[in-house]
Chemist: 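Next up is a structure, given as structure tokens.
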Amino acid sequence: MTNGYAVEVDGLMKKFGDLVAVDQVSFQVKKGEIFGFLGPNGAGKTTTINMLCTLLKPTAGSARVNGYDVLTQKNEVRESIGMVFQDPSLDDRLTARENLEFHAVIYRVHSSEKEKRMREVLEMVDLMDRADDLVMTYSGGMKRRLEIARGLLHYPHVLFLDEPTIGLDPQTRKYIWDYIQGLKEREDITIFLTTHYMEEAEHCDRIAIIDYGKIIALDTSEGLKNMVGGDVIRLKTDDDARAEEELKERYQVNILEDRDCLCFEVDKGDEFIPRLIRELKVHIQSISLHRPTLDDVFLKLTGREIREEEADELAGMRAFARMRPPFGR
Amino acid sequence: MSAQKEEAIDMVSTGAPVRTKYRTNLHRGLTGIYVIWSREVKRFWRDTPRRIGAFVQPIIYLALLGVGMQSAFKVFGAGSTKYVVFMFPGILGMTVLFTAVFSAISIVWDREFGFLKEVLVSPVPRSSVALGKIVGGATTALIQALIFMVLAFFPWFLGFSLSTFYKVLALVPVLVVLALGLTSLGVAIAARMRSFEGFPIVMNFILMPLFFLSGAFFPLQGLPGWMTFLTRIDPLTYGVDALRGIALRGIDITAGMTSQLSNLAPILQDPDIINIVRTRYSHIDFSGLSSMTQQTALQIQRFPIWLDVLVMLGFGIIMVLIAVWQFSRQE
């Protein structure tokens, strides 16, 4: 708060028995930014969130949320954050409005403000016309939207979203991202979210890539992609050999020799292509541009594709440890 | 610095006050108890099948088991015992037991369906969540018991009279104490339960024995020693004893042969008469006769009411503490 950070994490660690779910993680989230935690299932994303929102006690390390210590100032932390869990956490025997009312009382939203604010958040997620229906009649996407509305109801300073779009159809996912992005403009809020969808992480101002409990990279989407190099253009011409020579001579581009195509790296591929078409003497058959994605970043950093992780045995174990903490915890 | 932070929580970006602060930790706790309680009651009231089921179940017990047993006693030679009347307070105890424990066990549902997380991450203390659950569950159990007590006014039971009304009034505090203790028991169990797989175990190994040993169905007289011991350590025994003592005060439910036998007791225990009978009918064994006449009087209330109340209060307080402790411990 005082130093411009909404979340400060220092050497945070969580062990479940011998399993190190989060391994000495340190990072800061600036006020007002959308900060994304990107990683495969079981990488330790949810465990980190649960420690930040005071549901789990860290094994070691410290964290401050809105300037409050998650170990010693739990009440202050809890009052200042909003949570949207990965799994639904609504009372489906109550209506949407009753769920919000429950929340408003616990978080002490002023009674003069309550009705107005409830309408505001319900309208934001397009649920006003269903406000008095029991939540059990809602679809998955509606429930998630209601949870986001509830998480925002009490004007939290930090909103935690754990896999906000998991299990939702593409259309609903897009809607939810629109809300999240709109939030930044409408509310004075910092958003901390986790996801394992590469393309969704692009919406974040900054992204931390987490794997096996460790942060292996933290930067803006652009910054991360620059780690794997520039845009790659793939060219097919009548005479590739001549084209290659011409490219080397005129543009000094870096030809990627190891591929069985005429592929080369340039800085701004989208601007380079029109120039190339205009200037290249050899007749072009086809041309394509591949911009590096976060998938490429993850691949480069870990040597694996993020999607393979779903079947990974250890990841499964981690997911299990997350879902069901051992008895007595 | 910290004053600035506090102010920030009270203000939105527009500068209007939108949230008030908790004044004290007690205020925080009471708010927690209130919201959890009101949710419990709201859910209970909305769940019509559950309400009807909880009302019909004791009637089924009374009508089918009660009437059946009453006839069985006639066959066994206990005359026209009013067994359904005897059973009535026991069924009242049963209603409280099951409603209280089941509503507490809804914590496991809340965990499965995630709602518990919303509560656990909120700024109200865990202890207040447990207490809210206890008070809420006890409230639903009490409502259930009150509905059931309407039956007391029917002629088959206590009859429509002012004395029945007083009895019902006197039963309420007993029911409250009993309900609080039993809901706490449920919360203590549910606080550590991660799924519903353990539920039948709770049902068969905790609730059923508690219920059977409480004397709800049969008088706790003349039982073998081991069973008497078990009935004495069953907290529900004292609850049922108090309920029956109050409800059946001044009501004679053994108008049959047994009570006639006990009228004959002075004669049958007279040593002179026994000697005469023995000499005349020497081929018959009379050794069990005197003990039989001594045992027949049914005790409506086994223990003094103060002991019943004391045990229930003690049980209630201990269970509340255990429930709050168990619930607060979880992560």
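Note that this is a predicted model, so its numbers are computed, not measured. All values below were derived from every heavy atom in this structure, side-chain atoms included, with hydrogens, water molecules and symmetry-related copies excluded. So you know, we letter chains A, B, ... as the sequences are listed, proteins then strands, and number each from 1.
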Chemist: Say you draw a straight line from CZ of A:Arg93 to NZ of B:Lys42; how long is it, rounded to the nearest 0.5 Å?
Modeler: 15.0 Å
Chemist: Side chain, backbone, both or neither: which part of A:Arg150 has a non-hydrogen atom closer than 4.5 Å to chain B?
Modeler: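 Side chain only.
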Chemist: Which answer fits B:Ser122, side chain, backbone, both or neither, if we ask what part of it has an atom under 4.5 Å from a heavy atom of chain A?
Modeler: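 When you check distances to chain A, atoms from both the backbone and side chain of B:Ser122 fall under 4.5 Å.
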Chemist: Nearest 0.5 Å please: distance from the CD1 atom of B:Ile36 over to the CD1 atom of A:Ile106.
Modeler: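 These two atoms lie 5.5 Å from each other.
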Chemist: Rounded at 0.5 Å granularity, tell me how far CD in A:Glu98 sits from CZ in B:Arg46.
Modeler: 4.0 Å
Chemist: Pick one of side chain, backbone, both or neither for B:Asp47, based on which atoms fall under 4.5 Å of a heavy atom in chain A.
Modeler: side chain
Chemist: Among B:Arg39, B:Arg43, B:Glu118, B:Gln326, which has the most heavy-atom pairs under 4.5 Å with chain A?
Modeler: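 The residue among B:Arg39, B:Arg43, B:Glu118, B:Gln326 with the greatest pair count is B:Glu118.
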Chemist: Of all residues at least two apart in sequence or in a different chain, which pass the side-chain hydrogen bond (donor to acceptor under 3.5 Å, both in side chains) check with A:Asn75?
Modeler: none
Chemist: Is it the case that over 12 heavy atoms from other parts of the model lie below 6.0 angstrom from the CZ atom of B:Phe196?
Modeler: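 Counting neighbours around CZ of B:Phe196, more than 12 heavy atoms of other residues, nucleotides or ligands fall under 6.0 Å, so yes.
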Chemist: Where on A:Leu134 is there a heavy atom nearer than 4.5 Å to chain B: the side chain, the backbone, both, or neither?
Modeler: side chain
Chemist: Could you tell me which non-hydrogen atom of A:Arg78 sits nearest to which non-hydrogen atom of B:Val124, and how far apart they are?
Modeler: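 Scanning both residues, the minimum pair turns out to be NH1-O, 4.3 Å.
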Chemist: Measure A:Phe85 against the heavy atoms of chain B and call it side chain, backbone, both or neither at under 4.5 Å.
Modeler: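 Contact with chain B is through the side chain of A:Phe85 alone.
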Chemist: Report the option among A:Glu101, A:His103, A:Met83, A:Lys116 that has the most heavy-atom pairs separated by less than 4.5 Å from atoms of chain B.
Modeler: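 The residue among A:Glu101, A:His103, A:Met83, A:Lys116 with the greatest pair count is A:His103.
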Chemist: Measure the CG-CZ distance between A:Asp91 and B:Phe113 for me, rounded to the nearest 0.5 Å.
Modeler: 10.5 Å
Chemist: Give the minimum heavy-atom separation between A:Ser89 and B:Gly114, together with the two atoms involved.
Modeler: CB-O, 3.1 Å
Chemist: Could you tell me which residues satisfy ring pair (Phe, Tyr, Trp, His ring centres under 6.0 Å) with A:Phe102, sequence neighbours excluded, listed by chain and number?
Modeler: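 With neighbours one apart ignored, the set is B:Phe115.
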Chemist: Would you say that more than 12 heavy atoms from the other residues, nucleotides or ligands in this model lie under 6.0 Å from the OH of B:Tyr34, or not?
Modeler: no
